Number of protein chains: 2
Amino acid sequence: MYIDNPTKQAIVTTADKVFERMQHAIVEGEIPAGSKISEPELAKSYQISRSTLREALNRLEKCHLIERKANIGSRVVDCTIEGLLELYITREALEGMACRHAAINMTDEEISSMKQMLVSHSQEKALQEGVAYYQEEGDLDFHYKIILGSHNQQLINLICGQLYHLVRMYRFQFGMQSARASRAYDEHLHILQAISDRDGELAEILMRRHIAASRKNIEQKIAEQTLKP
Amino acid sequence: MYIDNPTKQAIVTTADKVFERMQHAIVEGEIPAGSKISEPELAKSYQISRSTLREALNRLEKCHLIERKANIGSRVVDCTIEGLLELYITREALEGMACRHAAINMTDEEISSMKQMLVSHSQEKALQEGVAYYQEEGDLDFHYKIILGSHNQQLINLICGQLYHLVRMYRFQFGMQSARASRAYDEHLHILQAISDRDGELAEILMRRHIAASRKNIEQKIAEQTLKP
DNA sequence: ACACATTAAATTGTCGACACATTAAAATTA
DNA sequence: TAATTTTAATGTGTCGACAATTTAATGTGT
């Protein structure tokens, strides 16, 4: 099951389709990170004109999946540790604020819907192969709903429309499954409780801790891998 | 004197030039907020082909100055009070975090350079017509330098490369000069002191208060205007 | 006169070709 | 042989034209 981006607009034009295909291809590493993009080659590969391809490239640039330089060309972003940590810092700031406003702006229906979601997640998590599903889809699902719950269009566009494609890319490329799954689940529960209590200040603090803990967990794993590869 | 965006890349192609012209035209209201953009008309006006214009439109969309819908067209964003408040919320989150990391990552040279800048600002402010210059350029200059001082490329791109064009647009369209100028200057001093003390936590708190105060000031002015126009 | 269907005009999306810049290869010179 | 200049090739930027869609105008029926 694939979690759709809630900000995704309808796919009508062929440039839209190509954009989607390339987005998946880049996120999942089919088009390697850091590789240069040849417009004539890709256009032929997708059987479209260069104009249409360039339209798709522009949207990929919008969500920071490729970088373009004038008269030089496009290049898929490369996944560096520094970039990953910077992304987490940014998420901590934005999602923390989104969580604060979710506590203010979410409707009671939205909140109870999220509670149900967490319950079903916990069941699937207990029943099935443990951490995999929750870590991948469930976590993103939870964060998406919080961000949408802020009812702040600016935050929603920035995080869901731009940053989260990068987040998914890093997850794929670095393969982040960790022992933090069950702890992350507990943290989600506490965050939702703060929102349910309409305690925006606490909700922001907890969300920031949640993301910071995830970042520190990654930093630690990187450090371990660096010592004994 | 015009404060250049530090993230601005070299202007080489004609699409770059058109992008810059349109950016100014939109920010300063020459192309009215909320108006629809006719591609054939504008292309003829700038004496370029539609392809080149569309390239420029794509970049305008990247910094949230226009919105596009498939098969419908482009439209300049309109400046609403809700949009302005959302923008301030986002700035509070991002610049707060940037300020925290500026306290960690700025070099001693960068910090002393900023201190000098504030001194010269205070002199110009005392000498000249009071609040105008400082409110417009000096404030942006200060915030830019803090963001750059975070040394976080993700934050820098998001804030300077995208959000700040919108910030400038709102300043122009809503004409925000206020009695907060001298107080804002004092707040800048305190923020820089926290950075100089390498106190990231305090630096973030002060920056968030600084932006939140500005937001509340606007909310109050809006409320007054609504009561007795 | 109003609602709806049909046609016409205008606008956006896509295409292929050409102009220009960059990079790679070949040739010239020290 | 190594470095530098010339030349060829590849790739990006820009253009004008056609196809597909949306919007405006016209016409028809009740």
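Letters go in sequence order (proteins before strands), and every chain restarts at 1. Since this is a predicted model, take the numbers as computed values, not measurements.
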Whether each nucleotide of nucleotides 6-17 of chain C has a protein heavy atom under 4.0 Å at its base (B), only at its sugar-phosphate (S) or at neither (-) is summarised, 5' to 3', as ------BBBBB-
The helix from C/dA1-D/dT30 to C/dA30-D/dT1: angle between terminal helix axes, five bp per end, to the nearest 10 degrees, reads 10°
Could you work out, with salt bridge (charged side-chain N to carboxylate O under 4.0 Å, His left out) as the rule, every residue matching B/Glu204, not counting sequence neighbours?
A/Arg208, B/Arg100
Less than 4.5 Å apart, any side-chain heavy atom of A/Leu158 and any of B/His64?
yes
Looking at residues at least two apart in the chain, or sitting in another chain, which of them share a side chain to side chain donor-acceptor pair (under 3.5 Å) with A/Lys145?
A/Asp141
What pairs with A/Arg54 under salt bridge (charged side-chain N to carboxylate O under 4.0 Å, His left out), at least two apart in sequence or on another chain?
A/Glu39, B/Glu55
Quick one, A/Met97 and A/Asn152 - any side-chain contact, counting heavy atoms below 4.5 Å?
no
The side-chain hydrogen bond (donor to acceptor under 3.5 Å, both in side chains) partner of A/His210 among A/Glu92, A/Glu95, A/His188, A/Arg215 is A/His188
Could you check whether any side-chain heavy atom of B/Glu109 comes within less than 4.5 Å of a side-chain heavy atom of B/Met114, counting everything from C-beta outward?
no
Distance, rounded to the nearest Å, where A/Leu57 contributes CG and D/dG13 contributes C1'
14 Å
Non-neighbouring partners of B/Gln153 that pass side chain to side chain donor-acceptor pair (under 3.5 Å), sequence neighbours left out
none
